[in-house]
Amino acid sequence: MMRQDLLNRDFLTGSLFVVFGVLWLWLGLDYPMGSASRLGPGAFPLMLSVGLIGIGAALMVKANRASGKLLLKDTREVVFILLAVALFSLVEQLGLICASLLVVLIGSFAQRDWSLRGRVSYSLRLTVFVALVFHGLIGLTTPLWPTL
Amino acid sequence: MDMFSHLALGFGEALTAMNLLYCLVGILLGTLVGVLPGLGPVPTMAMLLPVTFGLPPTTGLIMLAGIFYGSQYGGSTSAILLKLPGEVSSIVTALDGYKMARSGRAGSALTVSALGSFFGGCVATFFLAALAVPLSSLALKFGPADYVSLMALGLIGAVALSSDSTLKAVGLVIIGMLIGLVGTDLTSGLVRYTFNIGFLSDGIDFVVIAMGLFGIASVISSLAEVTAAPTEVPKIGRLKMTREEVKASVPAVLRGTVIGSILGILPGGGVVLSSFMSYLVEKRLSSTPERFGEGAIEGVAGPESANNAASQTTFVPLLILGLPTNAVAALMGGAMMVHNIVPGPEVISSNPSLFWGLIASMWIGNAMLVFLNLPLIGLWVRLVSMPYKYIFPAIILFCCIGVYATSYQPGNVVLLMLFGLFGYVLYLLDCQPAPLLMGMVLAPLLEEQFKRAMLMSRGSPMTFLESPISAFFLAIIAVVLLVSALPRVTRWRRTHIVE
């Protein structure tokens, strides 16, 4: 197969389906299947996984030029946004204020044309707003300050 | 219980101070979100789901519904004034509406859009109220096999009407279902697919997936596309319409309302399909089709009525049958389930104040929208000019806080990130995530009914064909699949349907 075909979007989607289907199938093999009239917890997932694999395979075969190549150009946005979200998972250690600041600041880097001062200023303003609304108004019980 | 007493109950519920307040909040937020391109009702509803947990269920649903049909009003405003449709369903409004604005008739365009939307929304709500009791009593006669086939029909219908190829959409539905099965299986007590991670044994939180797939992912993809620089907004002028304009609009509004009310019920269909269809119909029926694209008022009146009518009837399958037919309905269904209200035909009888209260509030909401939006237009215009860079970090932060606040589980934030990534991958692969959400919401119900059907038939899969209702649904599925696989239809879908 030519390299071009491997990047075909439908082909990749189909492969994704097959991989997921196989994964779920393998994970679910240990669950009891039961009998036809008394289906166990493994039965329905088994049917679904097999169906998924079938569809994925069909998609891989059917994939043609029309669905286009996979274009990977927005890595900057992806990295910063996802990093920002991941950092928020430390909110229990960092406290709401620091966590929010980090999220907005890191996230702001996903946008290109912005001065550092602008980013920091906006992050501070949004964090204050969030602390007032979520902690003060809505009554979120998350600690505001770090509890390291 | 006749219609009059139902509605009395409903209005009594909807007119409480709290419900009125949250209705107002919902429609204002919805309009705001509708006006702003890039942010849609789905991520907003997802972000506000945690807020609804602390509210009484009726209030929460009233707010969520308000966000949705409010966004249909808002989308038209930026479509008319800036040729920037705030919502996909407003794309057709931008065609003629903007031209009308450019020739000094912005006021008429905005007025006909608001009034047409109001009419469409009201009639469709009435439709919803009228269908409720007969349709639900029919549905109560369904056996498990019938439910399975009905749910399958709902899922397949959403697939057929999405712009994706059928194979891809079905695959996504299945992935959604498999995700929905993560957690404890109620009948056997076995915990599935959790890798022994504690907090997953209750299943993956619906809110996390919704916010990740629709909120985070849409921020990433929106940033990738450059937002258009705000152009000069044309002056609005008089809000009154001329007599000729009224004469031309009325039939268009009536036709649009009918189209929207019917198409809104179809799985996957809804607001986008209705507005496009109405535009096509108006153009076809007009004696002077050349005017379309140049400022024909029917091209604004019809689609606007259609998309608002559809935004009400889109709740028919969810509220009456328990079947969400698109992402919005799936979100509402998820919100109901958090309050332990399983959507289905029993909801009308077991929770009449919820059902009729919601319907009554839809009327009230539509009325509020007309009165509030026309004066508030200046505010919306100023907001549209706000650069996206101030909006997106707020969205990200709100999603994070919302997800964390749901269960105070940092693990959910990690999941949020993963689903955000997954949503973006789907975007790169040109896949629509909505079928996934629907599959996820329906999976536990579908599995339970399937098991029950097989139990009752003592293991015979023929039961799905033996029951006439079930066989009927399966036949429709077959027809839908065949038709949508036809090359001609596939091409039409690709070009005409944008989700």
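Just the heavy atoms: all of them, side chains too, but no hydrogens, waters or symmetry mates, feed the values below. Because the structure is predicted, anything quoted here is derived from the model rather than measured. In what follows, chains are A, B, ... by sequence order, proteins preceding strands, each numbered from 1.
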Colleague: What part of A/Val78 lies closer than 4.5 angstrom to a heavy atom of chain B: side chain, backbone, both or neither?
Modeller: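 It is both, since atoms from each part get that close.
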Colleague: Given that the side chain runs from C-beta out, which part of B/Ile179 has a heavy atom under 4.5 Å from chain A: side chain, backbone, both or neither?
Modeller: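 Both the backbone and the side chain of B/Ile179 come within 4.5 Å of chain A.
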Colleague: Can you give me the closest heavy-atom contact between A/Pro41 and B/Glu447, atom names plus distance?
Modeller: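 That closest heavy-atom pairing would be O-OE2, 4.3 Å.
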Colleague: Check whether A/Phe129 gets within reach of chain B through its side chain, its backbone, both or neither, counting any heavy atom under 4.5 Å.
Modeller: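 The side chain, not the backbone.
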Colleague: To the nearest 0.5 Å, what is the distance between NZ on B/Lys168 and CD1 on A/Ile55?
Modeller: 13.0 Å
Colleague: Any idea which heavy atoms bring A/Tyr31 and B/Tyr193 closest together, and the distance?
Modeller: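 Heavy atoms of A/Tyr31 and B/Tyr193 come nearest at OH-N, 2.8 Å.
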Colleague: Would you call the rings of B/Phe450 and A/Phe44 parallel, tilted or perpendicular, where under 30° means parallel and over 60° means perpendicular?
Modeller: tilted
Colleague: Working to the nearest 0.5 angstrom, can you tell me the gap between B/Leu446 CG and A/Leu48 CG?
Modeller: 8.0 Å
Colleague: If you round to the nearest 0.5 Å, how far is CG of A/Leu39 from CE of B/Met454?
Modeller: 5.5 Å
Colleague: If you take all heavy atoms of B/Pro410 and A/Ser89, which pair is closest and at what distance?
Modeller: CB-O, 3.3 Å
Colleague: Pick one of side chain, backbone, both or neither for B/Phe392, based on which atoms fall under 4.5 Å of a heavy atom in chain A.
Modeller: side chain
Colleague: Looking at B/Asp185, B/Leu428, B/Ile216, B/Ile396, which has the largest count of heavy-atom pairs under 4.5 Å with chain A?
Modeller: B/Leu428
Colleague: Any non-hydrogen side-chain atom of B/Leu172 less than 4.5 Å from a side-chain atom of A/Thr13?
Modeller: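 The answer is no; the side chains never approach within 4.5 Å.
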Colleague: Apply side-chain contact (heavy atoms from CB on, under 4.5 Å) to residues A/Val91 and B/Ile401 and explain how you reach the verdict.
Modeller: CA-CA 9 Å; A/Val91 65; B/Ile401 298 181; over 6 Å; no
Colleague: Parallel, tilted or perpendicular for A/Tyr122 and B/Tyr390, by the 30°/60° rule?
Modeller: tilted
Colleague: CD1/A/Ile81 to SG/B/Cys399 distance, rounded to the nearest 0.5 angstrom?
Modeller: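 A/Ile81 CD1 to B/Cys399 SG: 10.0 Å, rounded to 0.5 Å.
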Colleague: Identify the heavy atoms of B/Pro393 and A/Val104 that sit nearest to each other, and give their distance.
Modeller: CB-CG1, 3.8 Å
Colleague: I'd like to know which of B/Ala394, B/Gly54, B/Pro461 tops the heavy-atom pair count under 4.5 Å against chain A.
Modeller: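 The option with the most such pairs is B/Ala394.
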Colleague: About how many Å separate CG of B/Leu167 and CE of A/Met60, when rounded to the nearest 0.5 Å?
Modeller: 13.0 Å
Colleague: Side-chain contact test, heavy atoms from C-beta onward, threshold under 4.5 Å: evaluate it for B/Met417 versus A/Phe88 and give yes or no.
Modeller: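 No - every pair of side-chain heavy atoms lies 4.5 Å or more apart.
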Colleague: Is it true that atom OH of B/Tyr22 has more than 12 heavy atoms of other residues, nucleotides or ligands lying nearer than 6.0 Å?
Modeller: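 Counting neighbours around OH of B/Tyr22, 12 or fewer heavy atoms of other residues, nucleotides or ligands fall under 6.0 Å, so no.
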Colleague: Which region of A/Phe20, side chain (C-beta onward) or backbone (N, CA, C, O), has a non-hydrogen atom less than 4.5 Å from a non-hydrogen atom of chain B, or is it both or neither?
Modeller: side chain
Colleague: Can you tell which part of A/Leu16 gets under 4.5 Å to a heavy atom of chain B, answering side chain, backbone, both or neither?
Modeller: side chain
Colleague: Taking all non-hydrogen atoms of both residues into account, name the closest pair between A/Pro45 and B/Leu181 and its distance.
Modeller: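 Scanning both residues, the minimum pair turns out to be CG-CD1, 4.0 Å.
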Colleague: Over all heavy atoms of both residues, which pair between B/Gly171 and A/Leu52 is shortest? Give the atoms and the distance, please.
Modeller: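 Where B/Gly171 meets A/Leu52 most closely, the heavy atoms are O-CD1, 3.5 Å.
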Colleague: Among B/Leu421, B/Leu397, B/Val413, B/Val403, whose side-chain contact (heavy atoms from CB on, under 4.5 Å) with A/Val85 holds?
Modeller: B/Val413
